[in-house]
Amino acid sequence: MKTDEGYQILRVDARTAGSNTPTFNENNVREAITRERSAKAREDYLQELRNDGYVKIAESYRARSSRCSRSYRPPR
């Protein structure tokens, strides 16, 4: 075999028969990547909804629940 440094001589000590079974299954890899990405994408989407969410409390409800809101403090 010719290389940049000259010729290399190789010796074959043993041979094994080839097989038709693929060692790399592209479909299995695609499925694994899809499963991995879809879980992350779902979590990212839910977090985005939480971050962008807004709850407006009607004034009529706020007036009725003012007694309860004094003792309740939302978690931070």
Side-chain angles (χ1 to χ4, degrees):
M1 173 168 45
K2 186 176 181 180
T3 65
D4 292 339
E5 299 167 357
Y7 286 94
Q8 300 289 322
I9 299 174
L10 305 174
R11 181 178 83 183
V12 177
D13 291 331
R15 292 183 182 202
T16 57
S19 68
N20 292 335
T21 58
T23 56
F24 176 79
N25 189 334
E26 192 172 336
N27 288 332
N28 287 347
V29 173
R30 276 195 186 117
E31 288 175 15
I33 290 172
T34 301
R35 272 183 272 141
E36 192 175 291
R37 286 184 181 169
S38 65
K40 171 117 174 64
R42 182 177 46 252
E43 286 303 316
D44 290 346
Y45 174 69
L46 291 174
Q47 187 60 49
E48 184 179 335
L49 288 177
R50 289 183 198 108
N51 293 343
D52 294 342
Y54 177 76
V55 177
K56 181 178 179 181
I57 301 173
E59 289 300 323
S60 61
Y61 180 77
R62 190 181 306 223
R64 286 185 288 164
S65 64
S66 64
R67 291 175 295 192
C68 299
S69 64
R70 290 183 207 151
S71 61
Y72 175 74
R73 296 198 177 182
R76 292 186 182 236

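This chain uses plain numbering: 1 for the first residue, then up along the sequence. Any value given below was found using the heavy atoms of this structure, including those in side chains, with hydrogens, waters and symmetry copies removed.
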Apply side-chain hydrogen bond (donor to acceptor under 3.5 Å, both in side chains) to Asp13 and list each qualifying residue two or more places apart in sequence or on a separate chain. Arg11
Give the table of side-chain donor-acceptor pairs shorter than 3.5 Å for residues 50-59, with sequence neighbours excluded, one pair per line with atom names and distance.
from, atom 1, to, atom 2, distance (Å)
Arg50, NH1, Gln47, OE1, 3.3
Asn51, OD1, Gln47, NE2, 2.9
Asn51, ND2, Gln47, O, 3.4

Pairwise side-chain contact, Lys40 with Asp44, heavy-atom cut-off 4.5 Å (strictly under): yes
